[in-house]
Amino acid sequence: MTAQVDYLVVAFTATSGASGELLGSDEKELVQLVWQLVDVKNKKVKKKRITTLLITESVEEENGSEADCVSTATSLESALNLFHLQLTNEVNSAGAGTSVCLCTDGQLHIRQVIHPEAASKNILVPDCFYSFFDLRKEFKKHFPTSDLKALNVHIMAESTLDPSVTLPAETAVQQVEIMASIVLALLSEPFCHTFSNQERVSEKFETGTCSKMEKVCDNTVIRARGLPWQSSDQDIARFFRGLNIAKGGAALCLNAQGRRNGEALVRFVSEEHRDLALQRHKHHMGNRYIEVTCLNPASTSNEVAIFLSREDQIIVRMRGLPFTATHEQVLTFFSPGEGLKETCPVSGGKDGILFVRYPDGRPTGDAFVLFACEEHAQCALRKHKEILGRRYIELFKSTAAEVQQVLNRYSSAPLIPVAPAPLVSMLPAVSLLPPPGSMRDCLRLRGLPYTANIEDILTFLGEFTHDIRPHGVHMVLNQQGRPSGDCFIQMTSAERALQASQRLHKHVMPSQRGPNNRYVEVFPCSAEEMGLVLMGGLSPPPCKSRRLSPPSYSFTPAPPVLPTEAAAALYPPMGQVLLAPRPLPPGHAYYPASAQLYMNYAAYYPSPPGSPTTLGYFPSPSSLLLPRGLVRMPGLTYNSNGVKELINAMQGYPYAPEDALMHAHGHVHAHDPAGTLLTQPKEWVCISGV
């Protein structure tokens, strides 16, 4: 704590763009700087003079200004230097040893306007702009119940000044006059406030490393995307100039090849500075705009767990939301409009809304909303395709299993034993699906119309509706989040599931009868088959797969695209490439730790896929895994000479002398006892055109 200053400079800035709480968020230039000097010791305004600086490169000089002294400058640099000169002259006239400090309404004027623009133009900022008092925080010390983000000069004036003295804060000069009056009121009785704790702006970024024992709060970290490849941590610190970055808090991200991927994680000293950094979303670094997003996966997982732990709630899915949609906008969307008596309140308020986000915090445009009863849910569904912002919103009745599918789809974790999906492990201990087994007490419906909903499915089942378990209807979605034409239903017994399949197989849904009607295939399946699709986040195959079809279903086996040996060579099991498999935690019974995993190319794709990380994995017998050491060489140049260059690159590395493929074709040289000379490789080298 420092001693109280002698003078306060009440300052206010204005740009050519947004104002208020969005000041500085649009990168517009500073056009006006208004200030007034307050004598703290004598508790009065010095000479009652208000000085205005106008920057003519951004705005023309205003006529009839209310300020006592109006000065103009041709650039930001000359304006800051002129301000510093005028302030120094005013302070020096009061005597030597006089201390002075700026005072602004909030953080934006200094941190989001002056420092960012000066950094982008490589302008040296005077020392007086590196410390200031936040009038809102000083006011909150005497009114602790007030919301810091909701405060403004009007609210502070109503609490400290006589209403008859308050002026309408319409112009910058009036803003400064009211702020000066609030400062004098805080200095006087009964408050007798002391201005001693200054806000500091870091002059330079402090490099270094964080200790392993140091606890890092997720609420202080952001992700910056779209950085130039040659950018450094100092460039990142310059982009966030005005905000205090923690020591060594700028980390450049690397891709799998160890190269920079244009992203960085930045850690700030507090959540307040993190929130200010988020307002610089799509600000420019040179000619490129930078995406600034929140990074808080832990809170997201906790939010999902709380959302799914609620019982006796009806879930409605919202699709097509604007990326800027907030909880308040969703609550307003479901509130009754003018002249409407129907109400559909969201259960739990903000806690009843779950926004679906990517792992880096970016919104996907999807959300799930809870309602207390069926009546409220039906009322909400009648708002289907109504407008929120500038977009129409699609509404669908959903289930807890669909919530899991959507969350698994947008989760970046692979579905393999070494890295189980993080969101699923945070779900409630009570599983939504029964443990896998051989009992075929579930139904699979295939070939459903894409427009069919849960009500249509219940009507189609008829008398068997009473045999469905609670929350036992699970719609399967494709990679775009739309119905895939498949559905799984949990029945009370295997006998009723068999009877339903025999009676309803290849029947037409009542709501879909017509000249172009489609029949629906119905057959029993086990909980393991259902869990493979639902909990694994896999879309159903477009063709008939042996693993997902009943034993009695006859079809012609699909010819494999690649031989088994070639497919295994190109895409070896991920369990051998990554870390050693470890047992799964409780709740992941659908992927047993003992089972090896492989990708079913023949059933899913007519040609090799572009990336094996976009596929799902099926349990596979260990006999399909080759015991030999296979090598995959991604990233080959298109102008390579093919097999000859590959063999030249592998010369000198020993191969297995008992290799069956090489013995079969006689490729082992008698004069090569070390087994390092490779010849005639065309029979066992495969070049993929992915």
Rounded distance [0.5 Å steps], [atom1] in [X] versus [atom2] in [Y]:
X	Y	atom1	atom2	value
Y450	S484	OH	OG	7.5 Å
E272	L243	CD	CG	9.5 Å
R267	T220	CZ	OG1	5.5 Å
R111	L23	CZ	CG	14.0 Å
I489	L461	CD1	CG	4.5 Å
E271	L276	CD	CG	11.0 Å

With heavy-atom distances below 4.5 Å as the criterion, would you say the side chains of [X] and [Y] are in contact?
X	Y	answer
T13	Q32	no
L265	C253	yes
P116	R280	yes
Y289	H283	no
D456	F460	no
T160	F139	yes
M318	V369	yes
I236	F240	yes

Minimum heavy-atom separation for [X] to [Y], with atom names?
X	Y	value
M509	V520	CG-CG2, 3.7 Å
M285	D235	CE-O, 3.7 Å
S231	R260	O-NH1, 2.6 Å
L443	V522	CD2-CG1, 4.0 Å
L227	A264	CD1-CB, 3.4 Å
C103	M179	O-CE, 3.9 Å

Does [X], at its [atom1] atom, have more than 12 non-hydrogen atoms belonging to other residues, nucleotides or ligands within less than 6.0 Å?
X	atom1	answer
Y392	OH	no
K28	NZ	no
K350	NZ	no
Q329	CD	yes

Would you confirm whether [X], through its side chain, and [Y], through its main-chain N or O, come within 3.5 Å as a donor-acceptor pair?
X	Y	answer
H474	Q490	no
R446	C487	no
N244	S202	yes
H384	L395	yes
S159	I155	yes
D134	G106	yes

May I ask you to say whether [X] pairs ionically with [Y], meaning some side-chain N is under 4.0 Å from a carboxylate O?
X	Y	value
E374	K397	yes
E291	R223	no
D26	K282	no
E521	R444	no

With sequence neighbours left out, write down each residue that passes side-chain contact (heavy atoms from CB on, under 4.5 Å) with [X], or none if nothing qualifies.
X	result
E21	R136
I454	T399, L458, V473, M475
D351	R310
N287	none

Aromatic ring centroids of H109 and F12 under 6.0 Å? yes
Is the centre of the F355 ring less than 6.0 Å from the centre of the F368 ring? no
Mind checking what makes salt bridge (Lys or Arg N to Asp or Glu O under 4.0 Å) contact with D366, not counting sequence neighbours? R317
Sequence neighbours left out, what passes salt bridge (Lys or Arg N to Asp or Glu O under 4.0 Å) with K149? Give chain and number order. D275
Please step through side chain to side chain contact (heavy atoms under 4.5 Å, CB included) for the pair V346 and I353, ending with a clear verdict. CA-CA 8 Å; V346 177; I353 303 173; 4.0 Å; yes
Could you go step by step and tell me if Q112 and Q279 meet the side chain to side chain contact (heavy atoms under 4.5 Å, CB included) rule? CA-CA 9 Å; Q112 297 287 73; Q279 295 185 13; 3.6 Å; yes
Taking it one step at a time, do D233 and L252 satisfy side chain to side chain contact (heavy atoms under 4.5 Å, CB included)? CA-CA 7 Å; D233 54 354; L252 295 169; 5.5 Å; no
Is there a salt bridge (Lys or Arg N to Asp or Glu O under 4.0 Å) between D441 and R469? Walk through the geometry before answering. CA-CA 11 Å; D441 57 347; R469 295 183 181 181; 3.2 Å; yes
Could you walk me through whether F239 and I290 satisfy the side chain to side chain contact (heavy atoms under 4.5 Å, CB included) test, starting with their C-alpha distance in whole Å, then the side-chain angles of each, then the deciding distance to 0.1 Å, before giving a yes or no? CA-CA 9 Å; F239 177 80; I290 308 300; 3.9 Å; yes
Checking side-chain polar atoms at under 3.5 Å, does E29 have a donor or acceptor matched by the opposite partner on S16? no
